[in-house]
Amino acid sequence: MVRIKDIAERAGVSTTTVSNVIHQKEGKVSPVVAERIRKLIKEMGYIPSLSAQMLARDSSHIIGVVMGYSPEDALQSRNGLLAAGLIGYLEEAIHSEGYYMMLFTRRSVEEILQESRAWNFDGLIAFNLTQQEIETLHASFEKPLVLIDSCMEKSLPNVCQVGSDEMGGGYQIGRYLLSKGHRHILFIAVGDQENDRMRWLGFRQAMEEAGVENVDGMRLPVSGDRTERLAQYEEKLSLLRQQTAICFSSDFHAVEAVNWLRTIGLETPEALSVTGFDDMIYAKTAWPALTTVHQSLDQKAQVAVRALADMVAGVEPECNDLKIATCVVERDSVRNV
């Protein structure tokens with residue numbers, strides 16, 4: 001592989017002079033020498049380091065995108081489809097703003113910073129990061145940072161957060177089920193992720209406003225492992241049979257449960273109405289088609305990229321916590337009682 005040092009030796013100049021010609025900083029290089037170096041670069045087949053070129057410029061026109069899922073999480077249907085859809089919309093929005101996107105999955109904050117410096121990112125978009133990761137990243141990253149679906153507990157300078165109105169969505173689906181006459185409802189979520197917690201709080205508010213009793217008893221957390229989760233449903237079968245509706249915090253787990261319920265003779269919506277959240281593709285193609293809460297990944301990506309582009313240009317966003325509205329999409333999985 002040809003090095004700058006090799007070209008400098010052939011040209012009889014310093015490596016700094018060759019580097020200046022490569023990076024088009026020829027103010028102190030004579031035209032004759034510059035032309036000789038360019039010819040040697042072509043003859044010797046020198047391929048400049050792209051990362052070095054980016055570092056040499058004031059702007060790389062590259063936006064880094066950090067997918068804050070581990071490779072294992074990204075393969076799960078729930079996270080994988082959300083991530084894939086969001087990445088597609090992000091790339092389109094970033095390109096429309098005149099930038100290139102560089103994507104990488106969750107690594108240590110130190111590795112994220114190394115990538116950012118190596119490629120001279122103009123800004124960074126990260127989603128699904130923890131509060132500790134956000135604070136550590138912000139302490140060392142000097143460029144604009146936009147967070148999507150993360151957990152930023154306090155405002156930070158040069159940082160903007162974008163996410164769906166999770167609590168509003170939970171409230172909307174709760175009010176919808178109440179409007180259909182349901183009072184015996186379970187809210188089922190896997191684990192205690194921040195977005196699931198906010199969806200529960202919105203649902204809970206709707207129940208409390210309607211005067212539903214024992215609201216805290218309406219929440220059922222279940223395992224992230226499918227085998228364990230189905231075993232929990234089996235254990236809670238008597239509780240499930242007491243309900244008229246189940247509100248799931250994701251479409252994936254709602255569709256999974258509808259299929260399981262069918263195997264034990266509980267049809268949806270005849271025996272149990274079921275709702276989801278996210279409005280992923282399988283909500284439309286499931287049988288019955290799933291009533292759910294729609295969140296716009298397209299709008300989320302556009303708002304995030306627009307906010308980042310403004311910050312790169314030196315314009316502060318009007319708000320550092322931008323919420324994308326949600327809405328209930330009514331299909332066939334809920335009946336009146």
Side-chain angles (χ1 to χ4, degrees), residues 1-67 87-105 107-126 136-147 156-160 301-317:
M1 180 170 56
V2 178
R3 303 168 299 172
I4 288 179
K5 181 180 178 181
D6 301 326
I7 297 171
E9 290 176 352
R10 286 277 298 275
V13 298
S14 69
T15 55
T16 300
T17 300
V18 176
S19 178
N20 285 336
V21 173
I22 290 172
H23 297 127
Q24 300 177 358
K25 297 178 180 180
E26 302 176 13
K28 296 182 180 181
V29 183
S30 73
V32 174
V33 172
E35 181 61 25
R36 183 165 75 248
I37 291 172
R38 281 194 288 270
K39 287 183 178 179
L40 285 171
I41 289 172
K42 185 176 181 180
E43 290 173 5
M44 298 173 69
Y46 173 74
I47 300 175
S49 164
L50 183 57
S51 61
Q53 291 184 72
M54 297 307 174
L55 282 171
R57 301 176 189 170
D58 293 331
S59 172
S60 65
H61 289 285
I62 295 178
I63 300 299
V65 175
V66 182
M67 186 173 70
I87 288 167
Y89 287 124
L90 280 172
E91 196 282 331
E92 183 178 352
I94 287 170
H95 184 266
S96 70
E97 292 287 345
Y99 293 91
Y100 299 98
M101 182 178 84
M102 180 171 288
L103 171 70
F104 46 102
T105 56
R107 304 173 188 173
S108 68
V109 173
E110 290 73 20
E111 287 183 284
I112 294 172
L113 290 169
Q114 288 174 6
E115 294 277 4
S116 302
R117 292 168 185 144
W119 293 99
N120 191 25
F121 292 158
D122 285 359
L124 191 64
I125 295 175
T136 304
L137 184 60
H138 175 260
S140 300
F141 187 66
E142 300 176 354
K143 303 287 185 69
L145 172 63
V146 171
L147 305 168
L156 296 170
N158 218 27
V159 178
C160 180
Q302 290 185 31
V303 169
V305 173
R306 181 68 261 169
L308 186 66
D310 284 346
M311 289 194 291
V312 170
V315 180
E316 286 294 323

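In this text, all values refer to a predicted model and were calculated from it rather than measured experimentally.
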Taking every non-hydrogen atom, the tightest pair across I4 and T15: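 Result for this residue pair: CG2-O, 3.7 Å.
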- request: Work out which heavy atom in C160 is nearest to a heavy atom in M311; give both atom names and the distance.
  value: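 Shortest heavy-atom contact: CB-CE, 3.9 Å.
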Check for a donor-acceptor pair, side chain of [X] on one end and backbone N or O of [Y] on the other, with a separation under 3.5 Å.
| X | Y | value |
| --- | --- | --- |
| K143 | F121 | yes |
| R36 | A11 | yes |
| T17 | V13 | no |

Quick one: pull up [atom1] in [X] and [atom2] in [Y] and give me the separation to the nearest 0.5 Å.
| X | Y | atom1 | atom2 | value |
| --- | --- | --- | --- | --- |
| L137 | L113 | CG | CG | 5.5 Å |
| I41 | I7 | CD1 | CD1 | 5.0 Å |
| N158 | E142 | CG | CD | 10.0 Å |
| I125 | I87 | CD1 | CD1 | 11.5 Å |
| I37 | N20 | CD1 | CG | 8.5 Å |
| L124 | S116 | CG | OG | 5.0 Å |

message: Between S19 and T16, do the side chains contain a donor N or O and an acceptor N or O under 3.5 Å apart?
response: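 T16 vs S19: no donor-acceptor pair found between side chains.
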message: Set out, in order, the CA-CA distance, both residues' side-chain angles and the distance that settles side chain to side chain contact (heavy atoms under 4.5 Å, CB included) for M102 and W119, then state yes or no.
response: CA-CA 9 Å; M102 180 171 288; W119 293 99; 3.6 Å; yes
field: Which residues share a side-chain hydrogen bond (donor to acceptor under 3.5 Å, both in side chains) with T136, sequence neighbours left out
entry: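 With sequence neighbours excluded, T136 shows a side-chain hydrogen bond (donor to acceptor under 3.5 Å, both in side chains) to no residue whatsoever.
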- request: Determine, for D310 against R306, whether the closest basic-nitrogen to carboxylate-oxygen distance falls under 4.0 angstrom.
  value: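 Yes, this pair counts.
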Distance flag, aromatic centroids of H61 and Y100, threshold under 6.0 Å: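 Here the rings of H61 and Y100 have centres that are no less than 6.0 Å from each other.
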task: Dump the intermediate steps for side chain to side chain contact (heavy atoms under 4.5 Å, CB included) on K42 and R38, then the final yes or no.
output: CA-CA 6 Å; K42 185 176 181 180; R38 281 194 288 270; over 6 Å; no
